[in-house]
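To find a chain, count down the sequence lines: A is the first, B the second, and so on, and within it residues start at 1.
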There are 2 protein chains.
Amino acid sequence: MADDKVARRARGGTGRTRLAEVAQLAQVSTATVSRVFNTPTKVSAEVQARVREAAAALHWIPNAAGRALASRRSHIAGVIIPTLDNEIFARQVSGMQAIFAENGFTLLIGCSNYDPAEGLAQVQAMLAQGIEVLAMVGENYPPQTFDLLRQRSLPYVLTYGYRHDSPHPCIGFDNRAAFRQLADYVLSLGHRRIAAIFQPMDANDRVAARLDGLRDGLAAAGVTLRAADLHIGPSNMDFGAESLRRIMAGKTRPTAIICGNDNLALGAVGAALDLGIAIPHDLSITGFDDLAIVSRIAPRLTTMRVDNLEIGRLAGEMLIGAAGGRGMLHSIELRADLCMRATTSPPRSAARAPAAARDSDNANDHQARNQQPHAGIRPQRVQHDLQEDKKQRRTP
Amino acid sequence: MADDKVARRARGGTGRTRLAEVAQLAQVSTATVSRVFNTPTKVSAEVQARVREAAAALHWIPNAAGRALASRRSHIAGVIIPTLDNEIFARQVSGMQAIFAENGFTLLIGCSNYDPAEGLAQVQAMLAQGIEVLAMVGENYPPQTFDLLRQRSLPYVLTYGYRHDSPHPCIGFDNRAAFRQLADYVLSLGHRRIAAIFQPMDANDRVAARLDGLRDGLAAAGVTLRAADLHIGPSNMDFGAESLRRIMAGKTRPTAIICGNDNLALGAVGAALDLGIAIPHDLSITGFDDLAIVSRIAPRLTTMRVDNLEIGRLAGEMLIGAAGGRGMLHSIELRADLCMRATTSPPRSAARAPAAARDSDNANDHQARNQQPHAGIRPQRVQHDLQEDKKQRRTP
DNA sequence: TAAAAGCACGTAACCGCTTACATTTCAAGT
DNA sequence: ACTTGAAATGTAAGCGGTTACGTGCTTTTA
């Protein structure tokens with residue numbers, strides 16, 4: 001009776017061919033089939049051939065859920081990025097995916113849209129999916145997020161940013177140091193009145209670090225960033241353009257503008273040109289990221305570059321190691337390279353600039369090297385991209 | 001004896017808290033816990049509260065593998081794109097992910113790197129993961145791919161391209177018609193010697209369709225595309241630039257160049273400017289895609305726009321419907337809108353051009369309207385972006 | 001040459017959850 | 001008062017694999 005009912009129960013199933021069917025066709029046990037695909041050395045050649053043939057004949061594709069359940073390994077990795085709508089994150093994901101794919105891992109991608117809470121939600125969803133390891137851009141997530149990870153002792157690594165005093169393993173560059181470098185460079189050109197256009201820094205540790213770095217540099221040179229010269233808003237070209245117009249509408253204009261990233265810089269450059277402001281003669285502008293486009297359009301943007309593909313790869317490799325039990329999680333610092341191009345030069349008032357910039361007429365005069373020099377010839381690329389083509393590499 | 005051994009067996013498990021533990025703490029059966037989270041209406045309020053409390057206390061996150069196995073539903077969707085390194089695909093994925101997330105689906109992203117075989121491999125991996133539905137860009141996949149899908153009657157939709165005679169449901173625009181439109185536009189400006197720079201079309205149906213559309217248009221006007229004027233190569237700015245130099249090195253230069261996409265066009269424009277060729281006066285250039293950047297930098301590129309975010313959303317919605325058993329898969333054609341901007345104008349030889357272009361000196365002279373005009377005022381946007389701001393919409 | 005040690009493969013107990021069916025309870029219908 | 005049925009909960013059989021153990025057999029080892 002009871003047996004009847006059980007037998008009558010709809011034979012659930014997904015309809016997909018199962019390992020058991022392969023086993024039946026190959027006349028072996030299910031265990032053997034499993035071994036053929038997981039530990040082939042444990043199965044004789046003949047049997048193996050028979051099983052593979054059967055599997056192929058039935059178009060069998062193993063069911064990942066069943067496998068994950070039984071083996072307690074999902075072979076799924078996760079990565080949380082702010083948005084796919086950004087070349088630099090997309091590139092990181094590309095690098096990571098390549099590594100994970102090579103190692104039989106599926107990569108789950110989650111976008112936080114720059115919202116910490118959404119980031120946490122994504123992490124939870126991924127934990128449900130059974131990710132074995134996780135990479136996350138930045139460290140702006142609710143503390144609870146890291147508790148969850150620690151609780152499950154799930155290997156994770158933060159990417160893009162690097163802070164020597166971070167409590168988490170991270171792979172990236174030091175935002176603060178990078179902007180300090182940028183500030184030093186601009187100051188070395190002789191600029192003393194400098195404005196800044198940045199993306200919002202709530203929920204974005206990286207941006208805050210950048211601004212800190214900028215301030216470090218300015219402070220060291222005795223220059224202050226006036227409140228009126230700091231514009232913070234959406235990270236897009238429109239805001240860059242709008243901010244530039246606002247900045248240049250003031251009574252005393254800065255001679256240089258440091259932007260939080262390339263998009264803002266691109267917008268600012270465009271707006272400046274529209275206003276008839278000569279770049280870099282009347283105004284120097286810098287970006288950050290070295291988006292593919294910025295070195296290919298005029299005026300070629302001075303910016304800083306980080307090898308995001310490499311960040312992705314390194315993160316992938318480290319996490320694969322951690323998932324396998326081999327390898328330890330640790331931090332890796334990458335260099336951010338300054339790409340001096342055609343949107344920076346000494347200010348017109350360079351004659352009155354400090355010693356460093358006065359020593360030699362040309363020493364820091366990128367303008368002379370980059371823009372149409374009176375001599376008519378333009379040898380700028382050679383000099384100009386001096387740093388530009390150096391490969392980025394891990395800091396020793 | 002045997003019992004002893006069984007009992008002694010290592011208590012496997014992942015270490016994660018399980019539903020059973022929640023049930024125990026809440027003093028209910030596992031079935032009830034499951035119901036609380038899946039069919040809450042079937043559980044009384046008090047019990048529900050007790051269960052939720054227990055789950056929260058234990059930080060329980062359901063195991064997706066177990067759930068998938070038991071329910072025969074993975075709640076996983078897949079999407080295959082050529083590469084993440086492209087704004088248009090990234091945007092499609094964004095749109096799709098938003099919809100899927102809203103519906104409790106996890107989106108798996110796979111990149112084929114423009115390689116059909118790799119695309120098939122990705123599909124197989126996704127089938128293993130148990131995707132319930134699939135979106136794929138383009139239709140360039142080994143036939144076997146579609147067999148697999150049909151075999152499992154897995155709902156899928158192709159995106160980006162649309163062909164009324166396609167055997168698959170697809171959501172996108174008609175590449176051929178779009179390039180026909182582009183060709184007609186360029187011809188209407190009076191151009192008769194036209195060159196083309198395209199990405200490779202092996203393994204890329206979309207590109208072939210584009211070239212067909214271009215040829216359709218030219219043929220209708222009695223113009224032929226000479227072999228020497230068709231340059232095919234990697235879809236990047238470098239190749240665009242290189243091709244332009246090659247084209248302009250010929251004895252008789254074309255007056256217009258139609259590029260397969262914005263990247264190629266961007267490269268061509270840059271190279272032309274470097275050569276001192278006036279755009280669009282000496283040479284008109286068109287792109288395709290309307291990347292975010294191309295309307296923000298000078299000279300603003302004439303191109304065509306497709307709403308990729310919408311494509312993603314529509315695909316997501318349709319597939320969600322299909323996964324739920326509701327809703328049918330069908331094709332949707334979107335418009336591709338021509339964005340006439342500053343890189344196209346009648347050729348210098350317009351005096352000898354057909355009536356349409358001769359009527360007014362300025363009618364189609366984008367150059368005059370967009371670049372610094374002598375008059376000082378620049379009313380071009382109004383006229384110029386006439387079509388540019390129209391929202392793209394589904395073809396009725 | 002007998003005992004120990006591999007090998008190759010089969011058996012069956014899970015993995016964590018869902019869900020068909022069984023059971024209990026209680027208000028409504030007759 | 002008794003049947004009926006809906007509502008709430010429990011019981012336990014899988015879902016499709018993996019893998020610890022067990023079972024014959026063929027090689028070493030002593």
Side-chain angles (χ1 to χ4, degrees), chain A residues 1-24 26-48 50-51 55 58 60-75 128-130, chain B residues 1-24 26-48 50-51 55 58 60-75 128-130:
Chain A
M1 220 5 199
D3 278 38
D4 274 332
K5 283 175 188 164
V6 169
R8 225 184 306 121
R9 181 190 293 211
R11 187 68 188 49
T14 47
R16 291 169 53 174
T17 42
R18 294 167 307 156
L19 178 146
E21 297 167 37
V22 175
Q24 190 175 24
Q27 315 224 61
V28 297
S29 71
T30 60
T32 299
V33 175
S34 178
R35 287 192 197 104
V36 167
F37 295 96
N38 294 311
T39 47
T41 58
K42 294 185 176 173
V43 181
S44 69
E46 310 104 283
V47 172
Q48 222 174 108
R50 221 164 62 224
V51 169
L58 296 176
W60 177 65
I61 293 183
N63 179 315
R67 187 216 280 258
L69 205 49
S71 68
R72 278 135 252 177
R73 292 212 48 183
S74 64
H75 291 280
Q129 292 294 338
Chain B
M1 218 11 196
D3 278 40
D4 274 334
K5 285 175 189 164
V6 169
R8 228 184 305 120
R9 181 190 292 213
R11 185 70 186 48
T14 47
R16 290 170 53 173
T17 44
R18 295 165 305 155
L19 179 146
E21 297 168 36
V22 175
Q24 191 177 23
Q27 314 223 58
V28 296
S29 71
T30 60
T32 299
V33 176
S34 177
R35 288 191 195 103
V36 168
F37 295 97
N38 295 310
T39 48
T41 59
K42 293 185 178 174
V43 180
S44 70
E46 311 105 283
V47 172
Q48 218 171 113
R50 221 164 62 225
V51 169
L58 296 175
W60 177 64
I61 294 183
N63 179 315
R67 188 215 281 254
L69 204 49
S71 68
R72 277 136 252 178
R73 292 211 51 182
S74 64
H75 291 281
Q129 292 294 338

Expressed in angstrom and rounded to an integer, what is the separation of [X] atom [atom1] from [N] atom [atom2]?
X      : N      : atom1 : atom2 : result
B:I61  : C:dC17 : CD1   : C1'   : 15 Å
A:R73  : C:dG16 : CZ    : C1'   : 18 Å
A:Q129 : C:dC17 : CD    : P     : 13 Å
B:E21  : C:dC15 : CD    : P     : 11 Å
B:K42  : D:dT9  : NZ    : P     : 13 Å
A:L19  : D:dC15 : CG    : C1'   : 13 Å
A:H75  : D:dG17 : NE2   : C1'   : 12 Å
B:Q24  : D:dG10 : CD    : C1'   : 15 Å

Q.
Does a side-chain N or O of B:R67 approach OP1 or OP2 of C:dC17 to a distance below 4.0 Å, or not?
A. no

(Q) When you measure from the side-chain N and O atoms of B:N63 to the phosphate of C:dC15, is any distance below 4.0 Å, counting only OP1 and OP2? (A)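 False: B:N63 side-chain N/O out of range (4.0 Å or more) of C:dC15 OP1/OP2.
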
Q: Look only at the side chain of A:R72 and the backbone of A:A70, and say whether a donor-acceptor pair between them is shorter than 3.5 Å.
A: yes

Choosing from [options], which nucleotide comes nearest the side chain of [X]?
X     : options                : result
A:V47 : C:dC9, D:dG17, D:dG10  : C:dC9
B:T32 : C:dC17, D:dT9, C:dC9   : D:dT9
B:S34 : C:dT19, C:dG16, C:dA12 : C:dT19
B:R35 : C:dC21, C:dG10, D:dG17 : C:dC21
A:S44 : D:dT19, C:dC9, C:dC17  : C:dC9

Q: For A:R35 and A:V43, work out which heavy atoms get closest and say how close.
A: CB-CG2, 3.6 Å

Q) Is the count of non-hydrogen atoms from other residues, nucleotides or ligands lying under 6.0 Å from A:Q24 atom CD greater than 12? A)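 No, because the 6.0 Å sphere around CD of A:Q24 holds 12 heavy atoms or fewer from other groups.
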
Q) In terms of the nearest nucleotide of DNA chain D, which residue is placed more toward the 5' end: B:T30 or A:W60? A)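 Between the two, 5'-proximity favours B:T30.
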
Q | Closest-nucleotide ordering on DNA chain D, the 5'-leading residue of B:L69 and B:A45 | A | B:A45

**Q.** Minimum side-chain heavy-atom gap B:V22-B:T17 below 4.5 Å
**A.**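 No, every pair of side-chain atoms sits at 4.5 Å or beyond.
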
Q. Any side-chain heavy atom of B:P40 within less than 4.5 Å of one from B:Q48?
A. yes

Q: For A:V33, answer base if it contacts any base atom (sugar-phosphate contacts may also be present), sugar-phosphate if it contacts only those atoms, and nothing otherwise; contact means non-hydrogen atoms under 4.0 Å.
A: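 Answer is nothing: A:V33 stays at 4.0 Å or more from every strand.
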
